[in-house]
Amino acid sequence: MRERLVFCDLDTLETNYLSEFISQGRVPQNLFYLLNGATVFYSYRNDDLAQIAWEDEYRFFKEQEFWRKDLRIAFVSLGCGNAGPEKMLLRQMQADGYELHYVGVDSSESMLELAAENLNEDTYRQSFVLADFSDPAFAGQLHEVVQEDHVRVFAMIGGTFGNFDQMHVAGLLENLVPPRDYLYLDVVPTQPTEHQNAKLRMRLSHLPDNLSGFFDRLLGALGLSRELGEILREERSDGALETLRFTFSFRATERIQLSCLDVEMVLEPGQTVELFTIRAYEPASLAAFMADREFELVDTYAPDVGNLSHRWQRLLFSRAG
Ligand SMILES: C[S@@+](CC[C@H](N)C(=O)[O-])C[C@H]1O[C@@H](n2cnc3c(N)ncnc32)[C@H](O)[C@@H]1O
């Protein structure tokens, strides 16, 4: 069974994101994907995904005590994108006789279309949900979708967790994940040595150049371009949470008449717009941060990532009951 659920009005979403952009000079990160960024994002992300060993993820879940054939497992992907990262895990699960309910949530319609297409050949129950997971009403709406499943795993895959203000996203997850359910985070880990971290820092700080197609597409959709300004990168600390954090902004070098989704605004020379934040985490510090919010670390692993330039770390938490 496949269903498509709409828990938001797309026009209202766009208007809300734009007003945040205009009033706070900051691009809400899902505006990237709303403005047709889906295809551009996967033009590089799909190559990365092909290198990450899904078999490691499958082995990891099979070792968990709740991963049982007599239970219906809901896998809720928050910001599912094209569902590419979880596709093979779910397919193999079904082939081995597990009962599944996949729930892909995204605020971008084009991402959800890619996800539905990607899982087209799979026959387990699938719910594609168009929603903003930051919306206070969303927790109740999502609960209705998964209340009949026996176990729920809420996943944030592909670094999505690291794009948000950490207090905000942790609070949101506290609200979304019911007691005794599971949270699965996929983050970029920091490295054990200073030398390796220097390389990681270099890699992260050059994201707008390495992913120029993605950034330039967004700048273009906002009516900005690199000729009219410069991209700033700033490394900021996250306090007690040990991360490598980079925030990228655009600073106008001339007066820019900006237009986005039919709204006009002016950027004066020197004015900045915050574009994007990314993080790499020290896993033990992330576990401690989440423990303060009643998420207990159950297990963690780092999948084989082939030739990728940085690693991924997956952490599974259980919400205290
Ligand atoms: C970094 S991408 C990751 C996509 C996918 N999980 C992957 O690993 O390839 C972040 C995704 O989260 C979605 N997203 C961001 N903020 C969201 C929000 N507030 N509500 C729903 N989806 C959101 C974006 O549209 C985008 O598809």
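All ligand and atom numbering here is 1-based and tracks the order in the structure. Model, not experiment: these values are computed from the prediction.
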**OP:** Mind running side-chain hydrogen bond (donor to acceptor under 3.5 Å, both in side chains) on S249 and E274 for me, showing each step along the way?
**Re:** CA-CA 4 Å; S249 307; E274 194 177 304; 5.2 Å; no

**OP:** May I ask whether G159 places a heavy atom under 4.0 Å from ligand 1?
**Re:** no

**OP:** Check if G84 has a non-hydrogen atom at a distance under 4.0 Å from any atom of ligand 1.
**Re:** no

For ligand 1, which part of [X] has a heavy atom less than 4.0 Å away: the side chain, the backbone, both, or neither?
X	result
F7	neither
S107	both
C80	backbone

**OP:** Dump the intermediate steps for side-chain hydrogen bond (donor to acceptor under 3.5 Å, both in side chains) on E57 and Y184, then the final yes or no.
**Re:** CA-CA 11 Å; E57 181 168 58; Y184 181 54; 2.5 Å; yes

**OP:** Would you check if Q313 and T300 make a side-chain contact, meaning some heavy-atom pair closer than 4.5 Å?
**Re:** yes

Subject >> Distance in Å, R152 CZ paired with L71 CG, rounded so as to fall on 0.5 Å steps >> reply: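 Result: 11.0 Å between the selected atoms.
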
Is any N or O atom of [X], backbone or side chain, closer than 3.5 Å to an N or O atom of ligand 1?
X	result
M111	no
R45	yes
Y33	no
F133	yes
S108	no

**OP:** May I ask you to check whether over 12 heavy atoms, not counting those of M202, lie within 6.0 Å of atom CE?
**Re:**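 Not more than 12 within 6.0 Å, no.
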
Could you tell me which atoms of ligand 1, counted from 1 in the order shown, lie closer than 4.0 angstrom to a heavy atom of [X]?
X	value
F164	16 (N)
F41	1 (C), 2 (S), 9 (O)
Y42	4 (C), 5 (C), 7 (C), 9 (O)
G158	1 (C), 8 (O)
D132	18 (C), 19 (N), 20 (N)
S134	19 (N)

Looking only at protein heavy atoms, which one is nearest to [atom], and what is the separation?
atom	answer
atom 18 (C) of ligand 1	N30 ND2, 3.3 Å
atom 3 (C) of ligand 1	T160 OG1, 3.4 Å
atom 16 (N) of ligand 1	Q29 NE2, 3.2 Å

Subject >> Option of least heavy-atom distance to atom 21 (C) of ligand 1 (set: G79, G104, A131) >> reply: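 It is A131 whose heavy atom sits nearest to atom 21 (C) of ligand 1.
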
Original post:
So between D106, V105, I52, whose heavy atom ends up nearest atom 25 (O) of ligand 1?
Top reply: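 Looking at heavy atoms only, D106 sits closest to atom 25 (O) of ligand 1.
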
What I want to find out is whether [X] reaches [Y] closely enough, with some N-O distance under 4.0 Å, to be called a salt bridge.
X	Y	answer
R91	D122	yes
R125	E3	yes
D56	R314	no
E109	R4	yes

Original post:
Would you say the side-chain atoms of D238 pair up with the backbone N or O of L241, donor to acceptor, closer than 3.5 Å?
Top reply: no

Original post:
Do we get R293 above F289's six-membered ring, with its NZ or CZ under 6.0 Å from the centre and within 45° of the axis?
Top reply: yes

Original post:
Do the ring centers of F161 and F164 come within less than 6.0 Å of each other?
Top reply: no

Subject >> Qualifying residue, where the test is side chain to side chain donor-acceptor pair (under 3.5 Å) with Y102 and the options are K87, E86, Q126 >> reply: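 That would be E86.
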
